[in-house]
Structure formats: structure tokens, C-alpha cells
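Comments concern the structure below.
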Protein chains: 2
Amino acid sequence: MTILQSASILRVVNEALDSTERLLAASGLARASAALTSSLPEQISTRLSERIVAGSYKPGQRVMEQALAAEFAVSRGPIREALRMLERDGLVTILPRRGAIVTDPSIAEVKEIFDVRAMLNGLRDRLLAEDPQRATVLAVLEPEVARLTRFARDAKKGREYVEAVWTINRLLTEACPNTRLKKILDSFARQTLRYSQLGLSTPQRRRESVQHWQQLVEAIRRGDGAAAERIARERVTDSRDGAIKALQQAARPEAVPKMPKSA
Amino acid sequence: MTILQSASILRVVNEALDSTERLLAASGLARASAALTSSLPEQISTRLSERIVAGSYKPGQRVMEQALAAEFAVSRGPIREALRMLERDGLVTILPRRGAIVTDPSIAEVKEIFDVRAMLNGLRDRLLAEDPQRATVLAVLEPEVARLTRFARDAKKGREYVEAVWTINRLLTEACPNTRLKKILDSFARQTLRYSQLGLSTPQRRRESVQHWQQLVEAIRRGDGAAAERIARERVTDSRDGAIKALQQAARPEAVPKMPKSA
DNA sequence: CTTTGTAGGATTGTCAACAATCTTGTATCC
DNA sequence: GGATACAAGATTGTTGACAATCCTACAAAG
């Protein structure tokens, strides 16, 4: 509800994410889905998702087929498919006979996304901890967590820290032995990027975060699936609370623009 | 892998499900998504999913756009969209430039689906237990679980039992306060129906199942989220093991039809 | 001054045809 | 005899145009 009229919680998020586009490019998420498969709809979907995550398409904004078709020099067919893909990933909302608009989630909905993510990441990390072949993943995972430790100490390295967390998450999802879960996580990855960084703003939070990651690696190494799941869930839940707090503080200034009866 | 050549584990499943079509019609899953929205692709997708779940479309079978377009007296456009929806729900697999085939999951993949479902149902039931307004759901839930108890005693009422379980699951998902989770669960519902009934074949299993449901209702009533989650996960995990066992036994007779060099 | 009805433009939903690619069957060569 | 190359048919990917619906602005009535 209130998709069109809401106060655009994500606008304030996007203003804080000037480096998101770079991050997306470096993440490999784009290349993994677009370059390998030369599918036209997928390429378009990827490019559009970059714009939404980076904030050049504002929440609530309409996304019209004809305009995109003209811009990408392509028919409306592939555009339609791309928009359905984005809808599946929760980046746009398609209203029947009225087209697509960039999703503008309420704080409650952001919380919902984190809750689901906590479960999915919990399962992912548990399965990984119980995987006999987990050593190969740990080999690339551990140096990355070490990098994290370095960035956490330095208060200035906020961007690097976020990128490192993103990379770790990508490695873990990539290694997930459950293909169905992997699909869902991939679908979540895009929208996750929209606000996952929000909770890591303070050095305090980052120190806690790095501890969680270290504990997680430890749990995976000793094959303790239950612990891995618990830690992963705690981590995402903490991240959720940080993000919610940041969103609530950010949303407060724009107080109650409800029915501006007269200017 | 081995999508086209596999021994069609689900064929044996489908043979056991002569009443699935009726179940689907009674479930409201069809009506909920098809009748309300007069969207042509959605209607088609629903009808196709019924055929796949009921088994009139065999696993591995190709599903071609032109044929469906002719049958439904519609262009290929809506058919394409319907097939993408089915792909999203895991009922068909779309190979680029080669079209769609009915998904033919391996036993390992069925296990994967159950694992994800265990997590999602766990979250769903925990959220419901922590929902202050859960009383209204419990009011309709409890008589349904009571029905379950009756069917569990009678060894003949296998079909009724399965239908009742399905109804309960639908009620719980419907009441889920997390809209994002609800979407994913809806997407899982169709493919779940394909083999969820497999684990409930023996009266022994059914008695255990009914106990789980009673405990779950109890946990929800007293607002014990952690317990509700634990019970839900156990329930799905048990169901998983039952289904896997049934699949393995069913698959054994058709032993190794590998390279039939000569007839 | 507000509300309701209506006409125009804009946008999505659907269709049928064209282009690109894949599969299958056949003939040829080693 | 078996493998490979080629050609014909079949099928998906894409396109541009038409139909149905929705939004906006304006006018008229209360």
C-alpha cells in the first residue's frame, strides 16, 4: 500500500550510496548474469537493476516500456520480459494495465526482507558448514575476512568494508550446494544491495560485524552447522536492526507530509 | 544436469496422485491467482501448472509455445509469459533457444526443495506465533487440525488427510504477516504439491504428523515463536525424509537403464 | 466552488509475421 | 561400417502494428 504517495524511504538511502555503481560493477553480479548469457532481456534487466540500486531511478518512479525500448534500440518484447524479471527480484512493482514503478518499500517491508534473508543465509551457511568439501571455500574466504578486519579498524574505510562484506557474501552464495536456495539468494542479492550497507555505518557496529564473520568462519571450519546457522542469523538480524534504526532516523526529518491542505 | 535423460523420478510419483487435480481445484490456489486477476498469462500458467502437478504433462516432456498458443486460441506472447512464470516456480526449465521442458528433479534436488521449505515454513510459523492478532487464524486453524486427527485414525482416509494438510498449510501461508515471505511461499506451493504427499503414505507417519500439527497449534497459541519454528522445521524435515525414502524405493525397480545397447 | 461526466492522449496487452538458431535426417567420405 | 558435413524443417527470439484500458484535462451542472 501507499506505493506512490509514500515519503520515499529509499531516497535517503540512495543519497548515501554514491559508490554503489562501482560496487555493482566490481561484484560480478552483473557480468555473471548478463555477459555469459547473451540473452537480451537479461542484459536489459541487469542494466536497469543497476540504475535502481544506484538510485538514478528514484523509488516510486514510473518505468515505461516505450521509452526503454527506444533507449535500448529494441522492441517492447524484451523490455517487458526484463521488467518481469525485476518484479521477481522485488525491484519494481507491476500494476496491471498500468505498468511498472520502482519499488518503494516501507520500513516494515525492509524489515521483512531482512527477516527472510536471515533464514536463507542461515540455511546457506549451515549447509556450507556441513559440506565435506568446504575447505576450498574456506581457502578464499579466510583472507577476505582478514581484509575485513583491517578495514574495520580504520574508520575511514567505510566503502572498502562494505565492498568486502559484499564479496564475502557473494563467495558464500556461490559455494552454496543447494541450487534452489542459490537461485533465491541470487534473486535477493540485488535488492539486498539496496540497503544492506546501512547498518554498518558506525565503527562500533563494524567491530561487532567483523567478530560475527570471524565466528562464522570458525564454525564452518569445524563443521558446526548449527552454530554457523545461528551466527548467520544473528548477523543479519543485527544488520536489520542497524538498517531500521538508520532508516527511522533518516525518515524523521520529513515529518508527516499528510494532506498539505494549503501551501 | 541430466534433465533430459534422467529416469523420471516423478513419473512414479504422478502415478500415485490420481486425485491431485481435484485437490488443486479445491485448494483455491488456482482461483486465488487466476480468477481474481483476469490476466491471460496467469490463467494459462495456472492451467498448465495443474497439468504438470497432476502428471498429464510428464517430467522431461517438451512444452512448445506454438502448440499451446493453438490450444488456448491465443498468441504466443501470453504463452511465453506463462512459461516464464512456471519457470520461476520451478515447474518447467527453460533452455535458451530450445524452449521449455517439464522439470524432472533428481532426488537430491527434491531434498533441496524440502530443506528450503523447512526454513521458510519455520519463519512463517514463528512470525505467526509472535503475531498479536493470531487468535483469528487459530480460530479457523484448530477445527482443521481436529479434522486431521479424525482422518489420521482411519487408514483409508489417505486422500482426505492430504487435502486437510494442504488446507492447513494454505491457511498458515495466507495468514503470514510477512508479505515477501508469503510471495516466496506461494511460489513454492505449486511444486511442493508435487511430492509433499509422498511422506504421509503410512499410518505410522500420519500419526507422527498429526502430533506435530497439534504441537504447532499449541505453540502458536501460547505465542512461543521459537518452539513454533522448531516444530515446523522438524515437520518438514520428517516429511522430507519420508518423501526421499518413498522416492528411493520407487526408483529402485527401474534399475540402471543405462545405454540399452541392444533390445 | 465543488463535483461529475466526457473526450483526448498516452500506455499497456495482444497479435501475426520475420529473423536467427537448433534439431533431424540424409548423403558422402574415410 | 562408422563418422562427419550439409540441408531442410521446426522452434524460439524479436519486431512493429492493432486493440483495450487507463489517466488527465476540461467543461458543465449542482
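In this text the structure is predicted, and so the values were computed from the model without any measurement. Just so it is clear: chains get the letters A, B, ... in the order the sequence lines come, proteins before strands, and each one is counted from 1.
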CD of B:E42 versus P of C:dG13: gap in Å, rounded?
12 Å
To the side chain of A:S75, which of C:dG13, D:dG13, D:dT15 is closest?
D:dT15
Check whether any side-chain N or O of A:R98 sits under 4.0 Å from OP1 or OP2 of C:dT11, and answer yes or no.
no
Rounded to whole Å, CD of B:Q66 lies from P of D:dG9 at a distance of 15 Å
Would you call B:E65-B:R76 a salt bridge at under 4.0 Å N-O?
yes
Nearest-angstrom distance from the residue atom CG of A:L95 to C1' of D:dC22:
12 Å
Between C:dA10 (P) and A:L68 (CG): distance, integer Å:
18 Å
Whole-Å distance separating the CE atom of B:M64 from the P atom of D:dG9
17 Å
Nearest-nucleotide wise, let me know which of A:R76 and B:R76 is further upstream toward the 5' end of DNA chain C.
A:R76
Whole angstroms only, please: what is the CZ-P distance between B:R80 and D:dT15?
11 Å
With a non-hydrogen cut-off below 4.0 angstrom, is B:G77 in contact with a base, only sugar-phosphate, or nothing?
nothing
B:R124-B:N169 side chain donor-acceptor pair, cut-off 3.5 Å
yes
Mapping A:R97 and A:P78 onto DNA chain D by nearest heavy atom, which one lands closer to the 5' end?
A:P78
Does this structure show an ion pair linking B:E81 with A:R84, if we count only N-O contacts that are shorter than 4.0 Å?
yes
Rounded to whole angstrom units, what separation is found between the CZ atom of A:R62 and the P atom of D:dT24?
8 Å
Figure out the CG/C1' separation between B:L83 and D:dT11, and round it to whole Å.
13 Å
Is any side-chain heavy atom of B:L91 closer than 4.5 Å to one of B:Y57?
no
